[in-house]
Q: 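For reference, the structure I am asking about is given below.
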Amino acid sequence: MTKVAIIGAGPCGLSMLRSFQQAEKKGEKIPEIVCFDKQENWGGLWNYSWRTGSDQYGDPVPNSMYRYLWSNGPKECLEFADYSFDEHFGYPIPSFPPREVLYDYILGRVKKGNLKDKIRFNNSVTNVTYNGNNFEITSLDKKNNKFSKDVFDYVVVASGHFSVPFIPEYPGMKSFPGRILHSHDFRDAEEFRGKNVIVLGSSYSAEDVALQCHKYGAKSVTIGYRHNPMGFKWPNGMKEVFHLDRLEGSKAIFKDGHEQEADAVILCTGYLHHFPFLSEDLKLKTGNRLYPPKLYKGVVWQNNHKLLYLGMQDQFHTFNMFDCQAWFARDVVMGKIKIPNNSEIEKDINKWVSMEEKLENPDQMIDFQTEYTKELHDLSDYPKIDFELIRKTFKEWEHHKVENIMTYRNKSFSSPVTGSVAPIHHTAWEVAMDDSLKTFLNKSKK
Ligand SMILES: Cc1cc2nc3c(=O)[nH]c(=O)nc-3n(C[C@H](O)[C@H](O)[C@H](O)COP(=O)(O)OP(=O)(O)OC[C@H]3O[C@@H](n4cnc5c(N)ncnc54)[C@H](O)[C@@H]3O)c2cc1C
Ligand SMILES: NC(=O)c1ccc[n+]([C@@H]2O[C@H](COP(=O)([O-])OP(=O)(O)OC[C@H]3O[C@@H](n4cnc5c(N)ncnc54)[C@H](OP(=O)(O)O)[C@@H]3O)[C@@H](O)[C@H]2O)c1
């Protein structure tokens, strides 16, 4: 029997498990599957942990999520085609749920059946090699400090790429009297109440961490961008300035001459695609981009078609794109999709990479990833979902952010799966301090 290893039980790994489960439901004979996850529970980044640094076994904590994190995109854009929000919650819910609500949704469909039995929790994959015929995986059972070796025909890498921080150094950091941390270790904006906070970066973490600190009472928030500013209309108390030059004592000095007293510096400087457990010939080497090279259809490792990567792209689309990738990967494993010859693979990858390199603005990036996801969707029996509505919703969302970065999360959209329209949330995001599932779903609250 074919044996498949899945590394990671985050959203991507769970999509992979779900895809096999759906094939089995249709009466197809599925391979033997083992899923490894180094955490003690499933859900990947969505499984919030208070821990930073290393866990009780000395293993680096993969989690980068923080308290009070609300979806930064409309939930309608990430909805599963085979399991709608309406089905999970029983009624339409607002468009921008907090983490706990999305975590509940992600787990809803995989809790049905016995998928959890296929996951070896607290098991860290430490080594993967290919011997020309199959893969040998070494994993560490962290609880019992016991290494095991297993042999597999296929390996699916679903270990995420927002867990290992990229941490640059600036002059003056060694003697800065305040706190310096990466967004990977940011857990609670309350810590920065009354403080002068410097945030470095100009992408989603910088935007959201800066807004969180402002929302929970930071005295000032100064964002230092390196190349392009985010350029939103920031509320009073927030500003965006050009690139940190150095820290001098507790003062941050920027390259545009701006100076700011600082209590804390939060590095929202992104993450590394880091796969220390893969041998060199299997290792994807890329930055955070929409089409990492060497992956056919964004999934199949060009040099070894039995190695599949999920979710390695920079992400507008998330959960339903992961599903399309997983359904595609499943059909590759089950022999229903034939991989073309090397020159066709090369041509296909080059086509996407050269399109990606020409992208100039968020609307074009949204179009690019929508086209990619649609193409994958057409290659498997993943259920129907309205990608044109998703494309439109993403673009409206981008424009709402430009209109007002404080209020874009108060908007509502309609579902690409059921068509139902989301209600407006009972509390505007900028004053919603409680992010619990209970409060979010409280229908009696006005
Ligand atoms: C701060 C933050 C906020 C985000 N917010 C949103 C949002 O609002 N909406 C959205 O759609 N997306 C969001 N994302 C994007 C996020 O990447 C996806 O939602 C999703 O979590 C990706 O799923 P994944 O399975 O690829 O990776 P992950 O969620 O990272 O899961 C990977 C899993 O692999 C396991 N693993 C890693 N290495 C090993 C190993 N060697 N052995 C065994 N197991 C291993 C980890 O324990 C983890 O459980 C956010 C990301 C970050 C960092
Ligand atoms: N739900 C939410 O609200 C939420 C919150 C946070 C994050 N997220 C998700 O988390 C994921 C990761 O986002 P991310 O922002 O952490 O990573 P990212 O999108 O890869 O962005 C990394 C940023 O770091 C900057 N940078 C890198 N090196 C730098 C340096 N030396 N000095 C200054 N800036 C530097 C980059 O700037 P340049 O452009 O200049 O290179 C870029 O702006 C995304 O999928 C995002 O959606 C979601």
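As the structure is a computational prediction, the values presented were derived from the model and not from experiment. FYI, the numbering just counts along the sequence from 1.
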Q: Angle class for the Tyr68/Tyr216 ring planes (parallel below 30°, perpendicular above 60°, tilted otherwise)?
A: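 Taking Tyr216 first and then Tyr68, their aromatic rings lie parallel (interplane angle under 30°).
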
Q: Testing the basics here: between Tyr372 and Gln313, what is the closest heavy-atom pair and its distance to 0.1 Å?
A: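 Taking Tyr372 first and Gln313 second, the nearest heavy atoms are OH-NE2, 3.7 Å.
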
Q: Quick check: are there more than 12 heavy atoms from other residues, nucleotides or ligands sitting under 6.0 Å from NZ of Lys251?
A: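 12 or below, so no.
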
Q: One pair to check against salt bridge (charged side-chain N to carboxylate O under 4.0 Å, His left out): Arg179 and Asp185. What are the steps and the verdict?
A: CA-CA 12 Å; Arg179 180 143 139 72; Asp185 296 324; over 6 Å; no

Q: Is the shortest side-chain N to carboxylate O distance from Asp245 to Lys255 below 4.0 Å?
A: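 Lys255 and Asp245: salt-bridged.
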
Q: Indicate whether any N or O donor in one side chain lies under 3.5 Å from an N or O acceptor in the other, for Asp104 and His88.
A: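 Yes, side-chain donor-acceptor contact under 3.5 Å.
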
Q: Charged N to carboxylate O below 4.0 Å: is that the case for Arg391 and Asp367?
A: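 Counted as a salt bridge, because a side-chain N and a carboxylate O are separated by less than 4.0 Å.
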
Q: Going by atom types alone, do Ser95 and Glu76 pair a side-chain donor with an acceptor below 3.5 Å?
A: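 Indeed, the side chains of Ser95 and Glu76 share at least one donor-acceptor pair under 3.5 Å.
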
Q: Taking the inter-plane angle between the rings of Phe368 and Trp352 on a 0 to 90° scale, is it parallel (under 30°), tilted (30 to 60°) or perpendicular (over 60°)?
A: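 The rings of Phe368 and Trp352 stand perpendicular, inter-plane angle above 60°.
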
Q: Could you report the tightest heavy-atom contact between Leu14 and Gly43, atom names first, then the distance?
A: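 Looking at all heavy atoms of both residues, the shortest contact is CD1-N, 4.1 Å.
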
Q: Using atom types as modelled and distance alone, determine if a side-chain donor or acceptor of Asp263 lies under 3.5 Å from a backbone N or O of Asn196.
A: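 A pair under 3.5 Å: yes.
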
Q: As a test of understanding, state which of Tyr91, Phe80, Tyr105 forms a ring-ring contact (aromatic ring centres under 6.0 Å, His included) with Phe85.
A: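 Per the ring-ring contact (aromatic ring centres under 6.0 Å, His included) rule, the option paired with Phe85 is Tyr105, out of Tyr91, Phe80, Tyr105.
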
Q: Which atom pair, heavy atoms only, marks the closest approach of Leu17 to Leu115?
A: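 So the two residues come closest at O-CD2, 3.9 Å.
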
Q: Could you tell me how the ring of Phe254 sits relative to the ring of His258: parallel (under 30°), tilted (30 to 60°) or perpendicular (over 60°)?
A: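 Aromatic pair Phe254/His258 classed perpendicular.
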
Q: Give, for atom CD of Gln22 and atom CZ of Phe20, the distance between the pair rounded to the nearest 0.5 Å.
A: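 Between Gln22 CD and Phe20 CZ, I get 12.5 Å after rounding to 0.5 Å.
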
Q: Should the pair Glu40-Lys143 be classified as a salt bridge under the 4.0 Å nitrogen-to-oxygen rule?
A: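 Looking at Lys143 together with Glu40, the answer is no, because their closest N to O distance does not fall below 4.0 Å.
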
Q: Taking 4.0 angstrom as the limit, do Arg330 and Asp381 come out as a salt bridge?
A: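 Yes, Arg330 and Asp381 are salt-bridged.
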
Q: For Trp429, does the six-membered ring have the charged nitrogen or CZ of Lys215 within the cation-pi criterion, i.e. under 6.0 angstrom from the centroid and within 45° of the normal?
A: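 Output yes; distance and angle both within limits.
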
Q: Check Arg193 with Glu190, please: is the shortest side-chain N to carboxylate O separation under 4.0 Å?
A: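 Yes, charged N to carboxylate O under 4.0 Å.
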
Q: Do Cys213 and Phe186 make a side-chain contact, defined as non-hydrogen atoms from C-beta onward lying under 4.5 Å apart?
A: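 The answer is yes; the side chains approach within 4.5 Å.
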
Q: If we check ring-ring contact (aromatic ring centres under 6.0 Å, His included) with Phe96, which of these qualifies: Phe440, Tyr408, Trp70?
A: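 Only one of Phe440, Tyr408, Trp70 forms a ring-ring contact (aromatic ring centres under 6.0 Å, His included) with Phe96, namely Tyr408.
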
Q: Under the side-chain contact (heavy atoms from CB on, under 4.5 Å) criterion, do His161 and Asn288 qualify, and how do the steps go?
A: CA-CA 8 Å; His161 60 92; Asn288 187 23; 3.4 Å; yes

Q: Tell me which one of Arg51, His184, Gln39 satisfies side chain to side chain contact (heavy atoms under 4.5 Å, CB included) with Asn63.
A: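 Of the listed residues Arg51, His184, Gln39, the side chain to side chain contact (heavy atoms under 4.5 Å, CB included) partner of Asn63 is Gln39.
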
Q: If you define the side chain from C-beta out and look only at heavy atoms, does anything of Thr52 sit under 4.5 Å from Val61?
A: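 Side chain of Thr52 against side chain of Val61, heavy atoms only: no contact under 4.5 Å found.
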
Q: Is it the case that the side chains of Ser84 and Asp86 hold a donor-acceptor pair, with the cut-off being a distance below 3.5 Å and no angle test?
A: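 Judged by distance alone, the side chains do not pair up.
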
Q: Checking His377 side chain against Pro383 main chain: does a donor-acceptor pair fall under 3.5 Å?
A: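 Such a contact is found between His377 side chain and Pro383 backbone.
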
Q: Less than 4.0 angstrom from a charged side-chain N to a carboxylate O is my criterion; do Asp55 and Lys38 meet it?
A: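 Salt bridge absent between Asp55 and Lys38.
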
Q: Answer with yes or no whether the side chains of Asn72 and Tyr204 bring together a donor and an acceptor at under 3.5 Å.
A: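 Their side chains do not contain a donor-acceptor pair, so the 3.5 Å distance test is not met.
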
Q: With no hydrogens and no angle check, just 3.5 Å: does a side-chain donor-acceptor pair link Asp188 and Tyr66?
A: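 Per modelled atom types, Asp188 and Tyr66 side chains form no pair under 3.5 Å.
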
Q: Would you mind checking if Lys392 and Glu388 are paired as a salt bridge, meaning a charged N to carboxylate O distance below 4.0 Å?
A: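 Salt bridge between Glu388 and Lys392, a charged N being under 4.0 Å from a carboxylate O: no.
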
Q: Tell me the closest heavy-atom pair linking Ser202 and Ala206, and the distance in Å.
A: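 Between these two residues, the closest heavy atoms are N-CB, 3.8 Å.
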
Q: Tyr309 vs Lys294, test: side-chain contact (heavy atoms from CB on, under 4.5 Å). Steps then yes/no.
A: CA-CA 11 Å; Tyr309 280 90; Lys294 295 190 82 103; over 6 Å; no

Q: Parallel, tilted or perpendicular: which one describes the rings of Tyr271 and His182, with boundaries at 30° and 60°?
A: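 Correct class here is perpendicular.
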
Q: Under 3.5 Å, is there a donor-acceptor pair between the side chain of Asn320 and the main chain of Glu79?
A: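 Yes; judged by distance alone, with no hydrogens or angles, the pair exists.
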
Q: Do Asp314 and Arg289 come within less than 4.5 Å of each other through their side chains, counting heavy atoms only?
A: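 Contact flag for Asp314/Arg289 side chains = no.
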
Q: Sub-3.5 Å donor-acceptor pair from the side chain of Ser415 to the main-chain atoms of Ser420, do we have one?
A: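 Between the backbone of Ser420 and the side chain of Ser415 there is no qualifying donor-acceptor contact (under 3.5 Å).
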
Q: Between Lys285 and Glu280, does the side-chain contact (heavy atoms from CB on, under 4.5 Å) criterion hold? Intermediate values first, please.
A: CA-CA 10 Å; Lys285 291 177 183 162; Glu280 282 304 302; 2.7 Å; yes

Q: In terms of relative ring orientation, are Trp46 and Phe319 parallel, tilted or perpendicular, with 30° and 60° separating the classes?
A: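 Taking Phe319 first and then Trp46, their aromatic rings stand perpendicular (interplane angle over 60°).
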
Q: Is there a side-chain contact between Ile223 and Glu207 in this structure, where contact means two heavy atoms from C-beta onward sitting under 4.5 Å apart?
A: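 They are not in contact (no side-chain heavy atoms under 4.5 Å apart), so the answer is no.
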
Q: Give a yes or no answer on whether the side chain of Gln212 reaches the backbone of Ala189 with a donor-acceptor pair at less than 3.5 Å.
A: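 No, Gln212 side chain to Ala189 backbone: no donor-acceptor pair under 3.5 Å.
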
Q: List the atom of Ile424, the atom of Asn410, and the distance in Å for their closest heavy-atom pair.
A: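 What the structure gives for the nearest pair is CD1-O, 3.5 Å.
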
Q: Counting N and O atoms only, with roles assigned by atom type, does the side chain of Ser412 sit under 3.5 Å from a partner on the main chain of Ala422, one being a donor and the other an acceptor?
A: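 Pair found, side chain donor or acceptor close to backbone of Ala422.
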
Q: Donor-acceptor pair, Asp435 side chain versus Pro98 backbone, under 3.5 Å?
A: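 Judged by distance alone, no pair lies under 3.5 Å.
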
Q: Could you check whether atom NZ of Lys219 has more than 12 heavy atoms from other residues, nucleotides or ligands sitting under 6.0 Å from it?
A: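 Counting other residues, nucleotides and ligands, NZ of Lys219 stays at 12 neighbours or fewer.
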
Q: Is there a donor-acceptor contact under 3.5 Å from the side chain of Gln369 to the main chain of His317?
A: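 Confirmed, Gln369 side chain pairs with His317 backbone.
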
Q: For residues Asp82 and Arg18, determine if any side-chain heavy atom of one lies less than 4.5 Å from a side-chain heavy atom of the other.
A: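 Yes - at least one pair of side-chain heavy atoms lies under 4.5 Å apart.
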
Q: Side chains of Val299 and Leu310: closer than 4.5 Å at any heavy-atom pair?
A: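 SC-SC contact between Val299 and Leu310 confirmed.
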
Q: State, yes or no, whether a side-chain contact exists between Glu100 and Tyr48 at a heavy-atom distance under 4.5 Å.
A: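 Side chain of Glu100 against side chain of Tyr48, heavy atoms only: no contact under 4.5 Å found.
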
Q: Please give me the minimum heavy-atom distance between Leu290 and Glu356, naming the atom from each residue.
A: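 Closest pair (atom of Leu290, atom of Glu356, distance): N-OE2, 2.8 Å.
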
Q: More than 12 foreign heavy atoms under 6.0 Å from CG of Asn236: is that the case here?
A: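 Incorrect, the count does not exceed 12.
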
Q: Could you walk me through whether Val155 and Ile137 pass the side-chain contact (heavy atoms from CB on, under 4.5 Å) test, one step at a time?
A: CA-CA 9 Å; Val155 171; Ile137 290 196; 4.0 Å; yes

Q: State plainly whether the residues Lys401 and Glu398 are in salt-bridge range, i.e. N to O under 4.0 Å.
A: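 Result for this pair is no, no salt bridge flagged.
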
Q: Do Lys411 and Glu396 meet the salt-bridge criterion of a basic N to acidic O distance under 4.0 Å?
A: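 Answer for the salt bridge query: no.
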
Q: Consider only side-chain N and O atoms of Tyr382 and Gln325, and report whether a donor and an acceptor are under 3.5 Å apart.
A: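 Side-chain D/A pair, Tyr382 to Gln325: absent.
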
Q: Within the 4.5 Å heavy-atom criterion, are Trp301 and Leu284 side-chain neighbours or not?
A: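 SC-SC contact between Trp301 and Leu284 confirmed.
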
Q: Answer with yes or no after comparing the ring centroid distance for His400 and Phe413 against a 6.0 Å cut-off, counting only values under it.
A: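 They qualify: ring centres under 6.0 Å apart.
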
Q: Does the distance from a Lys or Arg side-chain N to an Asp or Glu carboxylate O, for Arg109 and Asp323, drop under 4.0 Å?
A: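 A salt bridge is present here (some side-chain N lies under 4.0 Å from a carboxylate O).
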
Q: With a 3.5 Å distance limit and no angle check, can you tell me whether Arg409 reaches the backbone of Ser71 through a side-chain donor-acceptor pair?
A: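 Answer holds: yes.
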
